[in-house]
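Remember, it's a predicted structure, so these values are computed and weren't measured experimentally.
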Amino acid sequence: MKHIMLGYANNAALPGVTPEDTRKLTHMNLAFGVIKDGLLDMSGMTNWDCIQNFRVWNPELKLVLSVGGWGAGGFSNMAMTEEGRRAFADSCLEVVERNNLDGIDIDWEYPCSPLAEIDYDPKDKENYTLMLQALRDVLGEDRIVSVAVGAGEYFVEGTEMDKVGQICNYVQLMTYDMRSGFTHQAGHHASLGLTKGDTTNTSTRGIVELFHEAGVPYEKLVVGAAFYSRQFDGVPNVNNGMLQTAETIGYYGPEYGQIEAFRIAGGYTEYWDEDAEAHYLWNGSTFLSFESPEAIRRKCLYVKEKGLLGIMYWEHGCDPERVLLDAMYEAMNA
């Protein structure tokens, strides 16, 4: 089975992409196009010209435009009617053809949900499917239609993943932020397994099974890796802070390229959780969950052993020295 290795690169990261980067990846998701007045809007992609080089450096690299992202609205209103879905799909086709792209990735966070404070409606469940079908009809079978999905039961409940799995080339599980800005419980946000005593479903293995049981074939699932951390402050000094209630929610912490300086400056000790197969930092009051090269390696081994399609990460600019990217490349090609 040929596995894919996919990186999200936002607009700010595009100028820093190197020839070597493009040759290590099979797919790159360019983030983000958004929806404006029901159509695809590309005004935020100011570094778009960079992608011309990517084609030269690696003609085999699949370049996919990702639409949406956290807090990006317009999906629910656009998808409410057949006319709206078709107009959006047509606007996507125009961008794909003009820029010689390989497809469209939809990152709607989240159908039927008010979490991101964007437009939503109970009809999103069916309309999500219909929107993706409209994209498939317009883009054709030879182009990529993919989705990035939230790693939790809320996403399964708000969608028809069995139908989505049939329409899309693959489903990207955002197996990060599983502990994030919505919880005060300190713990791993992107781990492969569950830490001892954790009764939640905050593990990559658990989310894979959740979406598979919802109807998505294993061979269409892509797991996610985080190139950034989640930080919890004001954590009781019990069990190295693990599963303790923090004063703060798990906010966006240092990116991987900043971890070492953060560790030294804050007097942190690095720990390995064998049950979760993940590293974390702890200094007596602050808990930092992050992905290490070893954690990435184990996720890659899991992908291959489980027969999943591949692995992806958010986000390219967070790993300036390519430590995690190299670990991922080596593990996937071992």
Side-chain angles (χ1 to χ4, degrees), residues 7-10 12-13 15-18 20-21 24 174-198 202-204 224-301 311-331:
Y8 274 89
N10 66 23
V17 174
T18 68
E20 292 75 19
D21 294 339
K24 290 172 183 172
M174 292 190 283
T175 43
Y176 37 75
D177 291 348
M178 291 185 284
R179 276 190 176 82
S180 61
F182 297 104
T183 180
H184 286 264
Q185 187 188 55
H188 303 295
H189 86 98
S191 62
L192 179 56
L194 277 179
T195 195
K196 185 177 181 180
D198 191 348
T202 52
S203 77
T204 298
F227 281 16
Y228 63 95
S229 67
R230 283 283 175 179
Q231 181 172 340
F232 298 83
D233 296 334
V235 184
N237 193 4
V238 177
N239 194 30
N240 291 342
M242 184 68 72
L243 305 182
Q244 304 304 305
T245 301
E247 294 177 359
T248 67
I249 55 176
Y251 60 92
Y252 190 96
E255 297 171 352
Y256 186 77
Q258 304 165 329
I259 290 288
E260 183 59 18
F262 181 88
R263 183 187 68 78
I264 295 172
Y268 290 87
T269 299
E270 182 174 303
Y271 294 92
W272 172 255
D273 182 340
E274 185 59 39
D275 293 313
E277 299 183 66
H279 275 104
Y280 64 98
L281 298 181
W282 171 247
N283 71 352
S285 63
T286 293
F287 184 101
L288 196 81
S289 168
F290 73 101
E291 298 246 64
S292 64
E294 177 62 14
I296 294 288
R297 187 185 72 82
R298 295 202 183 193
K299 272 190 176 178
C300 293
L301 291 176
I311 188 167
M312 61 92 170
Y313 60 85
W314 178 270
E315 182 274 335
H316 195 71
C318 298
D319 181 28
E321 301 300 321
R322 309 299 189 252
V323 175
L324 297 183
L325 177 60
D326 287 347
M328 186 179 291
Y329 179 77
E330 291 169 7

For the pair [X] (side chain) and [Y] (backbone), establish whether a donor and an acceptor sit closer than 3.5 Å, ignoring hydrogens and angles.
X: Ser285; Y: Gly234; result: no
X: Asn240; Y: Met242; result: no
X: Glu315; Y: Gly317; result: yes
X: Lys299; Y: Gly224; result: yes
X: Gln258; Y: Glu255; result: yes
X: Asp319; Y: Leu325; result: yes
X: Asp177; Y: Ser180; result: no

Aromatic contact between Tyr228 and His189, with the criterion being ring centroids under 6.0 Å apart: yes or no?
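Under 6.0 Å, so yes.
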
If every non-hydrogen atom of [X] is compared with every non-hydrogen atom of [Y], which pair is closest and at what distance?
X: Pro254; Y: Phe262; answer: CG-CD1, 3.5 Å
X: Ser203; Y: Leu192; answer: CB-O, 3.6 Å
X: Tyr176; Y: Ala226; answer: CB-CB, 3.7 Å
X: Ala278; Y: Ser191; answer: CB-CB, 3.8 Å
X: Pro320; Y: Gly257; answer: CD-CA, 3.8 Å
X: Leu324; Y: Pro293; answer: CD2-N, 3.6 Å

(Q) Is the shortest side-chain heavy-atom distance between Asn283 and Tyr268 below 4.5 Å? (A)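 Yes. Closest side-chain heavy atoms under 4.5 Å.
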
- Given side chains that start at C-beta, do those of Phe227 and Ile296 come closer than 4.5 Å, heavy atoms only?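 A side-chain contact exists here, since the closest heavy-atom pair is under 4.5 Å.
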
Residues passing the side chain to side chain contact (heavy atoms under 4.5 Å, CB included) test with Asp233, sequence neighbours excluded, are Gln231, Thr248, Tyr251, Thr286

Worksheet item: Does the pair Lys24/Asp326 count as a salt bridge with the N-to-O cut at 4.0 Å?
Response: yes

Got a salt bridge between Glu291 and Arg298, using NZ or NE/NH1/NH2 to carboxylate O under 4.0 Å?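 Looking at Arg298 together with Glu291, the answer is no, because their closest N to O distance does not fall below 4.0 Å.
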
Report task. Please assess His188 against Asp198 for the test side chain to side chain contact (heavy atoms under 4.5 Å, CB included), listing each intermediate value before the final yes or no. Result -> CA-CA 10 Å; His188 303 295; Asp198 191 348; over 6 Å; no

Roughly how far apart are [X] [atom1] and [Y] [atom2], rounded to 0.5 Å?
X: Tyr8; Y: Met174; atom1: OH; atom2: CE; result: 7.0 Å
X: Arg322; Y: Tyr256; atom1: CZ; atom2: OH; result: 13.5 Å
X: Glu270; Y: Tyr280; atom1: CD; atom2: OH; result: 10.5 Å
X: Phe290; Y: Arg263; atom1: CZ; atom2: CZ; result: 9.0 Å
X: Thr183; Y: Met178; atom1: OG1; atom2: CE; result: 12.5 Å
X: Gln244; Y: Phe232; atom1: CD; atom2: CZ; result: 12.0 Å

Only residue of Ser292, Cys318, Ser229 satisfying side-chain contact (heavy atoms from CB on, under 4.5 Å) with Ile259 is Ser229

Go through the steps to decide whether Asn239 and Trp282 satisfy the test side chain to side chain contact (heavy atoms under 4.5 Å, CB included), and finish with yes or no. CA-CA 10 Å; Asn239 194 30; Trp282 171 247; over 6 Å; no

Practice task
Determine, step by step, whether Leu194 and Asp275 satisfy the side chain to side chain contact (heavy atoms under 4.5 Å, CB included) criterion, reporting the C-alpha distance in whole Å, the side-chain angles of both residues, the deciding distance to 0.1 Å, and the verdict.
Solution key: CA-CA 6 Å; Leu194 277 179; Asp275 293 313; over 6 Å; no

Contacts of Arg297 meeting salt bridge (Lys or Arg N to Asp or Glu O under 4.0 Å) (sequence neighbours excluded), chain-then-number -> Glu294

Q | Arg179/Gln185 under side chain to side chain contact (heavy atoms under 4.5 Å, CB included): CA gap, chis, key distance, verdict | A | CA-CA 8 Å; Arg179 276 190 176 82; Gln185 187 188 55; 2.7 Å; yes

Other residues, nucleotides, ligands: >12 heavy atoms within 6.0 Å of Glu274 CD:
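Yes.
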
